[in-house]
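Scroll down for the structure; my scribbles are underneath it.
In what follows, every chain begins at residue 1, and chains take the letters A, B, ... in the order their sequences are listed. Computed from a prediction, not measured in an experiment: that's the story for all the values here.
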2 protein chains.
Amino acid sequence: MKLSGGVEWGLHCCLSLSQARAPVPAARLAELHGVSPTYLAKHLQALARAGLVRSTQGKDGGYALTRDAAEISLLDVVRAIDGEAPAFRCTEIRQRGPLAAPPSACVRPCAIARAMLAAEDAWRTALADVSIADLAQDVQGDTAGAAMPRLRAWLGGATA
Amino acid sequence: MKLSGGVEWGLHCCLSLSQARAPVPAARLAELHGVSPTYLAKHLQALARAGLVRSTQGKDGGYALTRDAAEISLLDVVRAIDGEAPAFRCTEIRQRGPLAAPPSACVRPCAIARAMLAAEDAWRTALADVSIADLAQDVQGDTAGAAMPRLRAWLGGATA
DNA sequence: CTGAACTCGGATGATTGTTGTCCGAGTTCT
DNA sequence: AGAACTCGGACAACAATCATCCGAGTTCAG
């Protein structure tokens with residue numbers, strides 16, 4: 001199983017934006033995280049399409065969260081960037097081969113698909129229970145309260 | 001997020017093997033499920049490497065489960081075919097850029113990685129709680145007890 | 001009102017992983 | 001001893017991801 005690499009970037013960006021009071025350009029976010037500016041822009045577009053961030057054009061423009069960080073879950077970000085398709089896709093093997101089941105008996109997903117999708121639901125539930133605000137609080141604890149003030153100061157306008 | 005397509009085949013094969021009393025060749029399993037014989041063989045090799053099935057060569061050879069179906073979880077099959085690498089791979093973004101955290105402060109995973117890996121653990125736990133034997137029982141219920149006898153009869157030697 | 005600079009947005013190519021296939025080594029039964 | 005059947009690993013084709021560029025739109029300053 002593999003998750004799109006852009007998910008990590010998107011989560012870090014949302015976490016950073018939760019500490020910003022003004023729109024932040026994509027290039028600034030890329031500099032902050034040390035990643036490719038052009039490619040990060042692509043993922044930010046995905047966040048904008050999902051309605052998680054709002055883009056402002058022109059001078060002093062950039063990206064900003066559309067709602068409070070406590071109202072954005074990790075699942076929202078993951079679905080925006082990685083897509084909403086389930087990891088397990090049932091190809092209805094039971095309807096193929098010499099012992100094929102008739103379509104009339106396949107109104108509900110097969111037992112294998114049910115178990116796999118149930119596991120994915122557990123995964124989604126775990127992600128939905130954590131918000132961007134929760135992440136910010138955890139980072140505060142990890143860094144003895146030093147990380148977020150430094151981040152806010154840098155976003156405020158510091159060049160280095 | 002995307003799961004290897006071979007996982008579905010592997011699960012169906014394990015379910016079928018749980019009903020077999022003699023080794024089943026890969027070609028027979030491929031015919032049963034209506035999939036590519038050569039590619040299915042590749043995934044069966046992965047199951048053999050993981051120790052879930054044992055291969056017997058020569059005439060009347062094939063694959064057989066190494067232990068009771070109740071002792072094989074869906075997680076075992078998924079890890080054998082899809083690999084054990086976590087879906088979310090932290091690239092330590094926090095150590096890059098102008099606000100890079102010193103390595104001394106990174107002895108434990110960052111808050112984002114902790115949350116993502118916790119969600120994956122929930123997924124794995126859900127998969128570990130279901131065994132191949134559970135699947136067989138569910139299919140029995142879905143088909144009013146008709147599927148498994150037919151499967152055993154076909155595996156017994158029927159040509160169609 | 002005009003101009004210019006800065007921003008995002010979608011369209012375009014390279015690279016890695018997965019999918020699918022083939023042939024050779026080994027083993028078992030005749 | 002022979003022959004047929006089995007698995008096992010090595011070899012291409014496809015797709016999706018990763019990465020990049022240039023154009024459209026907007027905002028602020030003059």
Side-chain angles (χ1 to χ4, degrees), chain A residues 1-10 13 17 20 22-31 33-66 78 80-83 85 87-89 91 93 157, chain B residues 1-10 13 17 20 22-31 33-66 78 80-89 91 93 157:
Chain A
M1 186 168 59
K2 191 179 155 191
L3 200 56
S4 172
V7 170
E8 184 185 11
W9 297 10
C13 284
L17 289 177
V24 183
R28 185 70 60 95
L29 285 171
E31 180 191 0
H33 297 109
V35 300
S36 166
T38 56
Y39 191 33
L40 179 63
K42 193 178 187 63
H43 293 308
L44 290 171
Q45 288 170 26
L47 292 176
R49 275 180 221 157
L52 297 179
V53 301
R54 173 170 285 279
S55 65
T56 308
Q57 288 193 335
K59 195 171 175 65
D60 293 341
Y63 288 98
L65 298 182
T66 56
V78 169
I81 293 180
D82 197 64
F88 181 84
R89 297 177 308 286
T91 60
I93 282 182
Chain B
M1 186 167 60
K2 192 179 153 191
L3 199 57
S4 172
V7 169
E8 184 185 11
W9 297 9
C13 284
L17 289 176
V24 183
R28 185 68 61 95
L29 286 170
E31 180 191 1
H33 297 109
V35 299
S36 165
T38 56
Y39 191 33
L40 179 62
K42 193 179 185 65
H43 293 309
L44 289 171
Q45 287 169 25
L47 292 176
R49 276 180 219 156
L52 297 179
V53 301
R54 173 170 287 277
S55 65
T56 309
Q57 286 194 335
K59 195 174 176 61
D60 293 340
Y63 288 96
L65 298 182
T66 55
V78 169
I81 293 180
D82 197 65
E84 305 186 18
F88 180 85
R89 297 177 309 286
T91 61
I93 282 182

_For a quick test of reading the model, state the closest non-hydrogen atom pair linking A/L17 to A/V53 and the distance between them._
CD1-CG1, 4.1 Å
_Candidate nucleotides C/dT21, D/dA16, D/dC7, ranked by approach to the side chain of B/P25 - the nearest_ = D/dC7
_Using five pairs at each end of the helix from C/dC1-D/dG30 to C/dT30-D/dA1 to define an axis, what is the angle between those two axes, to 10°?_
10°
*In whole angstroms, how far is the P atom of C/dT18 from the CD1 atom of B/I81?*
13 Å
*For B/K2 and A/R89, run side chain to side chain contact (heavy atoms under 4.5 Å, CB included): C-alpha distance rounded to whole Å, both residues' side-chain angles, the deciding distance at 0.1 Å, then the answer.*
CA-CA 9 Å; B/K2 192 179 153 191; A/R89 297 177 308 286; 3.7 Å; yes
*Using a 4.0 Å cut-off on protein heavy atoms (strictly under), produce a 5'-to-3' string for nucleotides 23-30 of chain D with B for base contact, S for backbone-only sugar-phosphate contact, and - for none.*
--BBS---
*So does A/T38 get a side-chain nitrogen or oxygen closer than 4.0 Å to the phosphate oxygens (OP1/OP2) of D/dT20?*
yes
_Check the phosphate of D/dT20 against A/Y39, side-chain N and O only, distance under 4.0 Å to OP1 or OP2. Yes or no?_
no
*So what does A/A27 touch, heavy atoms closer than 4.0 Å: a base, only the sugar-phosphate, or nothing?*
nothing
*Heavy atoms only: give me the nearest A/P23-A/A64 pair and the separation to one decimal.*
CA-CB, 4.5 Å
*Give, ordered by number, those residues of residues 3-10 of chain B having at least one heavy-atom distance below 4.0 Å to an atom of DNA chain C; if nothing qualifies, reply none.*
B/S4, B/G5
*What pairs with B/A50 under side-chain contact (heavy atoms from CB on, under 4.5 Å), at least two apart in sequence or on another chain?*
B/L52, B/A80
*Of all of residues 40-53 of chain B, which get a heavy atom below 4.0 angstrom from DNA chain D, listed by number?*
B/K42, B/Q45, B/R49
Without placing hydrogens or testing angles, list every side-chain donor-acceptor pair under 3.5 Å for residues 35-48 of chain B, not counting sequence neighbours.
{"unit_1": "B/S36", "atom_1": "OG", "unit_2": "B/T38", "atom_2": "OG1", "d": "3.3"}
{"unit_1": "B/S36", "atom_1": "OG", "unit_2": "B/Y39", "atom_2": "N", "d": "3.4"}

*Residue whose nearest DNA chain D nucleotide is more 5′ - B/Y63 or A/K2*: B/Y63
*How long is the line joining CG of A/L29 and P of C/dC6, in whole Å?*
18 Å
*With rounding to the nearest 0.5 Å, note down the distance linking CD1 in A/I81 to CH2 in A/W9.*
10.5 Å
